Structure formats: C-alpha cells, structure tokens
Amino acid sequence: MPLLQITTNVSIQDSTALAKDASRIIAGMLGKPESYVMVIINADTPLLFGGSEEAAVHIKLQSLGLEESKTGDYSAHLCGFIQNKLDVPPSRIYIEFSNPARHMWGWNGGTF
C-alpha cells in the first residue's frame, strides 16, 4: 500500500541501505506493515529547484488511508530523515502526498 518515491540530484553511495531505512520509517510513521511498503530511489537525476542545481529532493508518498490532517507531521518527519541521510535542507525538498481510492490501487491481480 504505501509507496515512497525519492528523486534527487544527489549521488547516493548505498541506495539499498537508504531504501531499507526509509521502508522501516514509513511503516512506523503510517502504522502499516512493512511487508506492504514499496520504496523507489532515483538518485543522480537531473533536478532543478528554484533555478538552482544545488542538492534537492522530490518525494512522493502514496498510501491508502493517508490522513490529510497528519501531512504536516509526515512532512516534518520525512524532511528530517532526508536532511539526516542526504544532507539536503528542508527548504530544498518538495513532498507530494496522495491517498488513492482503493479501487485505483492494484495488487496481486486485483485491487484493494
């Protein structure tokens, strides 16, 4: 269910380790089983933010039942995680939250 996609112009030494850390954090943050969490890391991607090529990150977080009232908390949590792991300041991070309808999320030959 939860899908976290991190796209950055930063080089990442160990994308797998970052994905594993992110998977655990997303599962805990959303209270969902980690067995349903998917993480995609796109590093070294051409990315321009505010007309600058300085380090920047775009994050997509999609999850069934994502609570709109908690997106501020999720943003703070994800920005802190990215700043800690990639040294990108929160002012250079955009986050896109999405709560798709269950019939619009496919899995295992069906939908949720």
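Quick caveat: nothing in here was measured; it's all calculated off a predicted structure.
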Note: D87 and P89 closest approach over all heavy atoms is O-CD, 3.9 Å

When the side chains of residues 57-85 are checked against the rest of the protein, which donor-acceptor pairs come out under 3.5 Å, sequence neighbours left out?
from, atom 1, to, atom 2, distance (Å)
H58, NE2, E96, OE1, 3.4
T71, OG1, E68, O, 3.0
K85, NZ, D21, OD2, 2.8

Point to revise | Atom CZ of F49 with >12 non-hydrogen neighbours under 6.0 angstrom | key: yes

Intermediate values then yes/no, side-chain contact (heavy atoms from CB on, under 4.5 Å), L4 and V37: CA-CA 8 Å; L4 178 72; V37 176; 5.7 Å; no

Nearest heavy-atom approach of A56 to L47 is O-CD2, 3.4 Å

**Message:** For L18 and V39: C-alpha separation, side-chain torsions, deciding distance, then whether side-chain contact (heavy atoms from CB on, under 4.5 Å) applies.
**Reply:** CA-CA 9 Å; L18 178 65; V39 177; over 6 Å; no

**Joint cluster assignment, L30 & F97, ILVMFWY side-chain distance < 4.5 Å** = yes

Practice problem: Kindly check if the number of other-residue, nucleotide or ligand heavy atoms within 6.0 Å of CG (D14) is above 12? | Solution: yes

| task | Examine I40 and V10 and state if one hydrophobic cluster contains both, with Ile, Leu, Val, Met, Phe, Trp and Tyr joined whenever side-chain heavy atoms are less than 4.5 Å apart. | result | no

Same cluster or not: are I26 and V88 linked, directly or through other Ile, Leu, Val, Met, Phe, Trp or Tyr residues, by side-chain heavy atoms under 4.5 angstrom apart?
yes

- Task: Determine whether L3 and M29 fall in the same hydrophobic cluster, where Ile, Leu, Val, Met, Phe, Trp and Tyr are linked whenever their side-chain heavy atoms lie under 4.5 Å apart.
- Result: no

dist Y36:OH -> S23:OG (nearest 0.5 Å) comes out at 14.0 Å

Side chain to side chain donor-acceptor pair (under 3.5 Å) filter on Q5, not counting sequence neighbours, yields none

Under 3.5 Å, side chain of R92 to main-chain N/O of E54, donor-acceptor pair present? yes

### Task
Verify the distance criterion only: is there a donor paired with an acceptor across the side chains of T45 and N9 at less than 3.5 Å?
no

Do F112 and M104 share a hydrophobic cluster (ILVMFWY, side-chain heavy atoms under 4.5 Å, transitive)? no

Practice problem: Answer yes or no: is there a side-chain heavy-atom contact under 4.5 Å between I12 and T8? | Solution: yes

